[in-house]
Amino acid sequence: MSYTKRDDGRKFDELRKIKAKVGVVKRADGSAMFQMGDTIAIASVYGPRELHPRFLQNPERGVLRCNYDMASFSVTERKKPGPSRRSTEISLVTEKALASVIDLDLFPNTVIDVFIEIIQANAGTRCAGISAAAMALAHAGIPMRDMVAAVSVGKVGDKIVLDLDKEEEDFEEGATDIPVAMTARKREITLLQLDGEVTKDELMEAIKMARKGCEEIHKIQVKTLKEIYKNG
Amino acid sequence: MDNDYIISLVEQGKRIDGRKFDEIREIVLEPNISKNAEGSARCKIGDTEVLVGVKMDIGEPYPDSPDEGSIVVTTELSPIASPEFELGPPGVQAIEIARIVDRGIRESKAIDFKKLVITSGEKCWILFIDIYPINDSGNLIDASALGTLVALKNTRYVKEENNKAVFGEFTNKKLELEKTPITITFVKIGNNILLDPNSKEEEVAEARLSAAVYNGRIYALQKGGDKGFSEKEIESMIDVAVKKEKDLKKIVDKAK
Amino acid sequence: MNERDIVVPGEKIASGMDYLPGNGTFREGEDIYSSQLGLVGVNGRFVKVIPLTGKYIPREGDIVVGKVVDVGFGMWNVDIGSAYSAILNMRETSEFIDRGADLSHYYDFNDVVIAQVTKVVRYKDVNLTMKGQGLRKVKGGKIIDVTPSKVPRIIGKQGSMIKMIKEGTGCNIVVGQNGKVWIKGERIEDEVKATEVILKIEQESHTQGLTDTIKNILEGKGK
């Protein structure tokens with residue numbers, strides 16, 4: 001059950017190749033594309049805008065609403081279009097991953113809508129979605145105290161590994177998938193899920209590896225955001 | 001009761017119900033609370049009360065796992081349990097609870113799905129685990145997960161005839177549980193971590209972590225709430241979870 | 001951090017209590033951080049970040065171009081492109097309106113108005129007035145949207161840029177601080193040219209020699 005070499009030749013603590021771009025959805029207030037290996041996520045942000053119906057409004061602070069969706073063709077076997085229990089859960093944890101950095105108190109009675117679409121899936125989709133959403137929020141001019149980056153770590157066979165791809169997630173002898181999101185400055189963990197089996201020490205080692213991965217992703221997010229103003 | 005009051009109490013090391021930060025409320029587990037179910041249980045943690053029922057049916061295995069049966073976990077947050085719940089299809093909170101409970105069982109392989117197959121690739125048993133909170137006084141996640149374990153423990157198969165389930169006719173064959181993963185939920189209030197939140201504490205909590213543990217190994221984790229945890233906080237919660245699992249396992253084992 | 005550096009949310013821009021946090025920044029402990037994607041600006045002891053993107057944030061005194069979206073009791077709701085719609089009270093119009101008069105007779109749905117922001121209460125309850133020079137309902141023409149932070153560049157130093165565009169296209173143009181620009185020309189081609197030029201300024205606002213480039217386009221000498 002020993003995992004000795006990653007199928008794409010990466011080191012155990014190496015991220016897949018990342019491509020990021022901002023401003024991909026012209027009509028949105030902010031948008032971004034984030035690609036890790038073969039997983040591609042697009043996020044667009046609308047808001048702050050008035051929230052209707054009225055009874056959903058919060059007179060003390062704005063509401064953050066995230067919607068994660070996978071395109072039917074994003075996966076090998078067609079996925080029926082529309083929300084599923086899985087996408088509902090992911091929408092929830094995505095919102096929780098981003099909420100802590102946004103100053104929602106500044107926008108009572110409004111909603112900030114974040115839409116994430118996965119157009120190609122090869123594991124790590126919710127993480128790519130969160131990294132894209134954070135850039136889209138910055139692009140939309142939403143005031144934030146920090147940036148958020150996300151990556152999945154896990155255990156494949158007997159090794160702790162960074163940024164699992166689909167083959168690793170489906171590893172025959174068992175794999176544990178741990179999606180993690182962290183804030184850049186304060187290193188707070190705002191997304192943490194786990195499915196599989198690990199000991200506490202393995203978990204802490206994985207989280208440490210995720211921290212390094214998030215730091216690298218954050219650097220790319222910053223570079224991408226600043227670049228829009230160099231090229232006009 | 002004021003949210004600020006609870007926060008200031010916590011800062012002083014106290015909880016409104018007088019518990020210590022790592023103390024769980026009294027747990028009462030009662031199996032077989034509904035005759036027509038294949039398995040059922042009531043779980044009370046303090047005043048939080050959840051009923052879980054297991055129904056079996058025969059269906060087809062998923063094409064990619066022809067030799068395995070499956071489970072379907074659903075939570076119904078009925079308005080009976082709380083003024084916050086509304087009638088209608090499961091909302092995000094219900095879905096999250098169901099998926100956390102599902103994960104704990106599935107990832108720990110508490111049920112050997114291979115034992116649920118009847119004919120490879122054609123027929124298998126499907127376990128429908130339905131969770132009905134009756135009173136929400138906080139921590140529905142742990143009450144649901146514990147109730148589910150006890151319900152599964154006393155689940156017996158219904159009769160099978162010509163590849164069809166004969167509802168109402170029970171056999172003596174009991175469902176085997178390979179493991180009893182225990183789910184433990186923590187919340188963060190200010191800089192303090194509390195175990196088994198009651199409803200007021202849940203309202204005020206900034207972040208939440210649920211962990212499914214068995215014999216010192218972690219099978220599922222779910223972080224909730226608007227704020228985050230530091231790595232250190234995660235480590236100390238896992239330490240507590242691993243410790244508490246031993247006590248809770250005894251309670252579950254005792255419940256027939 | 002230097003002035004005119006581009007910063008992202010969460011990036012530290014100043015240390016120590018000598019500086020004060022202005023718009024687009026916040027203080028945590030001894031340090032001041034940016035809350036926006038934007039350019040660092042210094043104004044005396046205040047450090048601020050001018051957002052490069054984002055919705056219009058209404059400020060008292062701003063002249064804005066808006067569209068009437070609702071006619072209510074004694075007031076109109078005007079969409080000025082910010083998170084909240086703005087309110088124009090019937091007492092804030094330049095004409096005297098009788099109580100009980102039909103307000104849609106004065107400003108109706110989809111009418112375009114040039115108004116001024118009088119009061120902003122914490123990002124909501126934006127109040128407008130139509131009393132003042134140049135504030136009026138306008139007819140015809142078109143409205144284009146530009147990023148509010150680019151408005152100063154489009155107007156230019158002492159209005160020099162926008163003056164050049166008006167003269168070069170013969171169009172009537174009002175640039176709202178809210179990023180909505182009303183353009184009306186004699187011919188459609190003039191409106192199109194004005195639109196192209198303004199959008200070009202928006203995209204290349206930070207490049208050198210922009211004024212000359214725009215001048216050339218207006219004179220028909222280049223793209």
Side-chain angles (χ1 to χ4, degrees), chain A residues 22-23 26-32 45-51 57 59-62 98 101-112 134-149 183-188 218-219 221-232, chain C residues 4-12 21 23-29 31-39 49-57 69-70 77 79 81-86 121-126 145 147-150 153 179 199-208 210 213:
Chain A
V22 167
K26 297 295 173 219
R27 287 203 63 176
D29 294 323
S31 61
V45 170
Y46 291 88
R49 52 184 180 179
E50 260 177 292
L51 177 53
Q57 287 181 9
E60 286 172 29
R61 53 206 314 258
L98 299 165
V101 299
I102 300 175
D103 261 331
L104 290 167
D105 291 349
L106 293 175
F107 307 105
N109 295 322
T110 65
V111 60
I112 296 172
M135 291 197 299
L137 285 163
H139 185 234
I142 306 287
M144 296 196 283
R145 305 201 148 230
D146 209 338
M147 285 290 289
V148 178
T183 61
R185 243 187 335 117
K186 301 183 116 183
R187 309 253 181 88
E188 277 199 350
H218 178 241
K219 287 201 182 93
Q221 289 174 312
V222 172
K223 181 161 175 279
T224 308
L225 284 168
K226 293 190 181 185
E227 251 163 25
I228 30 177
Y229 297 101
K230 302 211 172 111
N231 304 321
Chain C
R4 299 197 67 77
D5 272 349
I6 298 177
V7 289
V8 296
E11 199 168 337
K12 182 152 75 165
N23 281 324
T25 69
F26 63 95
R27 178 187 292 282
E28 230 176 67
D31 302 320
I32 296 179
Y33 299 89
S34 174
S35 63
Q36 303 273 189
L37 168 65
L39 294 179
V49 174
I50 302 158
L52 289 168
T53 53
K55 273 187 128 82
Y56 167 59
I57 294 175
V69 290
D70 201 11
N77 271 99
D79 175 14
S82 72
Y84 305 95
S85 64
V121 179
R122 224 174 64 126
Y123 291 93
K124 68 177 304 233
D125 292 349
V126 179
D145 283 298
T147 311
S149 61
K150 305 295 168 83
R153 199 75 177 86
L199 291 179
K200 197 175 181 68
I201 298 172
E202 184 195 29
Q203 273 173 29
E204 300 181 17
S205 59
H206 53 283
T207 58
Q208 306 276 50
L210 184 62
T213 313

Next on the checklist: Is Glu202(C) in contact with chain A via its backbone, its side chain, both, or neither, using a 4.5 Å heavy-atom distance?
Outcome noted: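 Contact with chain A involves no heavy atom of Glu202(C) at all.
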Item to check | Contacting moiety of Ser149(C), where chain A heavy atoms sit under 4.5 Å | outcome: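 For Ser149(C), neither part sits under 4.5 Å from chain A.
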Let me confirm one number: the [atom1]-[atom2] distance from [X] to [Y], rounded to the nearest 0.5 Å.
X: Leu37(C); Y: Met144(A); atom1: CG; atom2: CE; value: 9.0 Å
X: Glu227(A); Y: Ile6(C); atom1: CD; atom2: CD1; value: 10.0 Å
X: Arg185(A); Y: Lys12(C); atom1: CZ; atom2: NZ; value: 9.5 Å

Contacting moiety of [X], where chain C heavy atoms sit under 4.5 Å:
X: Ala140(A); answer: backbone
X: Leu137(A); answer: neither
X: Arg145(A); answer: both

Checklist entry - Looking only at heavy atoms, what is the nearest atom pair of His139(A) and Thr53(C), with distance? => result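 Where His139(A) meets Thr53(C) most closely, the heavy atoms are O-OG1, 2.6 Å.
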Item to check | Identified side-chain contact (heavy atoms from CB on, under 4.5 Å) counterpart of Leu225(A) within the set Val7(C), Val8(C), Leu52(C) | outcome: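 Among the candidates, only Val8(C) passes.
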